[in-house]
**Q** 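Starting off with a structure, shown below.
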Amino acid sequence: MAFSAGFSPHPKVSYANSAPTGVASEAEYVELGVTERCDPAAVRAALDDALPLGLDIVEVVEAISPDFVQRLEASIWQIELPGMGVAEVEIAAQKLLAQGEITVERLTKNGVRAFDARGPVVMLTAEPGSGCAILRAVVRHATPSVRPDDLLTALRQVAGLVPPAPPRVTRLAQGPLDPVGATVGDPFTPDRAPLAAAKN
Amino acid sequence: MSAGSLGRMSVSDLARRGASVFDQLELLLPLVSKPIQYVGGELNATLKAWDDVQVHWVLMYPDAYEVGAPNQGVQILYEVINERADALAERTYAIWPDLEVLMREAKVPQFTVDGHRPVGDFDLFGVSFATELGYTNMLSALSLAGIPLLARERDEAHPIVIAGGHAAFNPEPISDFIDAAVLGDGEEAVLLITDLTRDWKSAGRPGGRAGLLLELAKTGVIYVPAFYEVEYLPDGRIQRVTPTLPEVPWRVRKHTLMDLDSWPYPKAPLVPLAETVHERMSVEIFRGCTRGCRFCQAGMITRPVRERSITGIAAMVENGLKKTGYEEVGLLSLSSADHSEIADVARNLADRYEGSKTSLSLPSTRVDAFNVDLANELSRNGRRSGLTFAPEGGSERMRKVINKQVTEEDLIRTVTTAYCAGWRQVKLYFMCGLPTETDEDVLQIAQLARDVIKAGREATGSRDIRCTVSIGGFVPKPHTPFQWAAQLDHVTTDARLAKLRDAIRADRNYGKAIGIRYHDGKPGIVEGLLSRGDRRVGAVILAAWQDGARFDGWSEHFSYDRWMSAADRALTGQGVDVDWYTIRERTKTEVLPWDHLDSGLDSEWLWEDWQAALDEVAIEDCRWTPCFDCGVCDQMDTQIQVGPTGVTDLPMPMVPVHAPVAEAATQPGS
């Protein structure tokens with residue numbers, strides 16, 4: 001484990017784009033600094049062992065390319081809305097997409113901030129779930145980031161959508177944005193490519 | 001808000017006991033602050049299948065998770081119980097008011113953080129009280145759990161509620177709410193209670209709830225308040241406390257764990273996911289203290305001194321670091337520099353972890369130059385935390401009264417050594433409101449702080465040094481020589497502290513180099529009421545809780561007025577009031593509410609020590625001078641267990657987890 005220099009050294013760990021509190025995620029990324037070259041599979045197993053149930057280390061990749069965080073351009077979010085029908089959610093989603101800009105407010109550490117919650121939304125669709133409607137959103141990472149609760153605020157503002165129960169939110173993926181397919185790709189691709197080439 | 005509002009368990013519910021409520025709780029978590037404190041999942045947490053064991057314990061530290069999770073007592077008992085094949089233990093902490101409101105609305109019961117099981121489903125509910133200010137949080141937990149607040153209203157479907165910790169040495173104020181109390185070390189006590197509970201359950205619960213309580217009481221080491229009757233004199237004092245059944249003993253003894261080396265707990269300390277007040281691993285290096293500070297309840301009720309050996313300490317540090325990944329180790333005790341082998345312990349551990357990121361600390365140390373050397377040794381790995389010294393009393397006279405044997409010369413020499421060794425800031429801790437104290441005694445604190453800065457500037461040639469004076473209000477505690485003393489009223493306390501503050505601020509030469517931190521005297525009065533209260537104070541606690549008292553140790557939640565109005569209502573017609581409990585001096589013949597609870601201290605000795613305090617006579621420490629007959633070793637059949645073991649270097653390579661006990665460590669007088 002590498003440590004920062006200075007009076008009180010800290011382990012070099014940086015969390016990129018961490019999901020907000022109360023949200024589930026299948027795709028969180030963390031960069032670790034180490035002092036010697038390690039076997040990624042061994043690091044994965046050791047970390048996974050030390051973490052509680054439900055926090056799973058899916059994959060460890062040696063970072064051989066720079067600017068990893070910049071590759072996390074967008075997220076796919078799944079928002080389950082218990083007790084809501086797919087039709088009303090679909091209509092609300094269409095209303096949101098029809099707008100050019102929707103200003104929402106959120107309380108941040110520096111007070112209330114107003115920002116556009118529409119611009120970063122690349123895709124927004126509704127589908128039926130069991131006992132709920134499910135929103136699927138592809139959202140570009142911006143500053144401040146547009147989070148699922150901001151999307152719901154925007155939906156309330158433009159379409160009066162008010163979920164009767166707390167929504168269940170899951171981040172499904174993060175990575176480079178594919179604007180054509182309205183999806184995100186694998187952010188590890190540049191780090192995997194040389195390995196694959198070496199094997200061939 | 002009634003206790004039964006969450007519904008009583010019916011017999012058919014028994015089958016579903018121990019089922020997780022996490023699905024209901026999860027819906028509330030996004031709506032509250034710091035939800036991570038409620039999810040559990042810590043490294044080294046244990047979760048067992050409900051039906052695999054016969055005895056189910058839930059352990060509570062009655063404060064927020066961030067304060068309670070690092071608590072050593074709970075962590076030790078959690079492990080000791082979970083090591084048994086026939087029992088399990090889970091943990092629960094106080095719920096913040098934001099979640100409490102939502103839980104009541106959604107009918108989610110008080111839950112454990114391990115299995116998110118309803119607290120009401122467990123057989124035994126142990127609550128560890130480090131301070132009396134946790135009492136109202138216990139009531140919140142009982143209420144949220146659907147357990148009747150009053151012990152006499154509970155039936156077989158409810159857990160047996162057991163209080164422990166230092167405050168349990170006078171559990172009378174909470175005797176309406178608890179079924180039992182355990183005095184002293186908990187390790188063997190929980191094993192005994194587990195045995196008796198298992199046998200009672202497997203025998204078909206003979207005698208019902210009262211049957212088990214009687215089994216507990218008959219041991220003589222578990223206090224069951226319901227089996228004692230308290231009678232009062234017309235003037236409000238206690239006339240007598242008598243057992244109501246012939247099998248129940250007149251006095252209940254405290255537990256004393258001997259040979260710490262054979263109890264190396266916690267072996268796998270918990271590593272919380274949430275931020276907590278102590279982000280470090282702790283290793284207890286000895287238990288008990290015989291310095292004899294007369295205000296110190298911890299030092300009086302935990303005698304005799306029992307040391308862990310140098311090899312035992314090293315094994316716990318090594319094993320704990322491996323299991324947790326912590327980067328700081330605190331060597332815990334009531335006065336860590338008093339360990340007979342502390343210099344070797346510090347040097348060996350510093351050597352062993354040199355170059356790693358592991359730092360060591362001694363959280364409680366007394367004032368002497370030796371400790372500065374120790375602190376230097378311990379901070380070899382870079383991080384240098386602040387140095388705190390506790391002269392406790394501002395004047396030489398005051399320090400004789402409280403038996404804190406530090407001279408002004410000692411203090412100035414120590415602090416100057418620290419400044420010369422590179423520390424720029426030291427903290428000095430004092431108390432205000434001690435018996436016989438005058439304004440002049442407290443104003444001496446200002447003089448002492450000036451002298452410290454003056455000597456520090458001369459020795460270092462630098463003006464860049466500071467000291468912070470931190471002052472706590474003195475609260476007389478049961479089982480100490482000051483148990484008879486009058487507490488200082490809060491108006492005089494505040495006036496005295498204001499004079500001290502003005503004296504420090506008015507000093508043009510040194511004032512800016514001296515910081516002063518203190519609290520007003522009001523919370524101390526409530527603490528005083530609860531710590532020396534009797535059974536009649538239970539009604540005050542209930543009234544304050546019903547009026548919203550929660551988290552009384554937190555200044556933002558504490559309300560003095562709420563407590564005083566609760567006391568007015570609850571004590572009306574009893575002939576006693578808050579002043580009677582707090583600022584009144586007791587006489588030798590008065591029956592104290594805790595006299596039937598045996599801490600081992602001889603009450604005759606305590607009274608003599610109280611008289612010695614008034615005469616400003618100090619007594620020595622029995623580790624280095626002859627026994628002064630406090631009574632503990634005789635009455636409890638225990639002995640001081642100190643080194644040296646003769647081992648000065650730690651074996652390399654690493655010692656095993658269960659280090660063989662060095663014989664000399666357990667032999668008294670060696």
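Protein chains get the first letters and strands the later ones, always in sequence-line order, with residue 1 at the start of each. Computed from a predicted structure; not experimentally measured.
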**Q** So which of Gly22(A), Pro11(A), Ala50(A) has the biggest tally of heavy-atom pairs under 4.5 Å with chain B?
**A**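 Ranked by contacts with chain B, first place is Ala50(A).
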**Q** Please enumerate all residues that pass salt bridge (charged side-chain N to carboxylate O under 4.0 Å, His left out) together with Arg136(A), with sequence neighbours excluded.
**A**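 Counting only residues at least two positions away or on another chain, Arg136(A) forms a salt bridge (charged side-chain N to carboxylate O under 4.0 Å, His left out) with Glu127(A).
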**Q** Within the structure provided, determine whether Pro82(A) and Pro163(A) are in side-chain contact (heavy-atom separation under 4.5 Å).
**A**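 Pro82(A) vs Pro163(A): side chains apart.
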**Q** Angle between ring planes, Phe122(B) versus Trp50(B), binned at 30° and 60°: parallel, tilted or perpendicular?
**A**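 Ring orientation, 0 to 90° scale: perpendicular.
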**Q** Test: salt bridge (charged side-chain N to carboxylate O under 4.0 Å, His left out). Region: residues 12-29 of chain A. Which pairs qualify, not counting sequence neighbours?
**A**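 Checked against salt bridge (charged side-chain N to carboxylate O under 4.0 Å, His left out) - neighbours excluded - the pairs reaching residues 12-29 of chain A are Glu28(A)-Arg171(A).
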**Q** Using atom types as modelled, flag every donor-acceptor pair under 3.5 Å from a side chain in residues 144-151 of chain A to any protein atom, sequence neighbours excluded.
**A**
| from | atom 1 | to | atom 2 | distance (Å) |
| --- | --- | --- | --- | --- |
| Arg147(A) | NE | Asp149(A) | OD1 | 3.3 |
| Arg147(A) | NH2 | Asp149(A) | OD2 | 3.2 |
| Asp150(A) | OD1 | Arg106(A) | NE | 3.2 |
| Asp150(A) | OD2 | Arg106(A) | NE | 3.4 |
| Asp150(A) | OD2 | Arg106(A) | NH2 | 2.7 |
| Asp150(A) | OD2 | Arg147(A) | N | 2.8 |

**Q** Sort by residue number and list every member of residues 22-42 of chain B having a non-hydrogen atom under 4.5 Å from chain A.
**A**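 The residues closer than 4.5 Å to chain A, in numerical order, are Leu27(B), Pro35(B), Gly41(B).
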**Q** Is there a donor-acceptor contact under 3.5 Å linking the side chains of Gln425(B) and Tyr419(B)?
**A**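 No, because no side-chain N or O of Gln425(B) sits under 3.5 Å from a partner of the opposite role on Tyr419(B).
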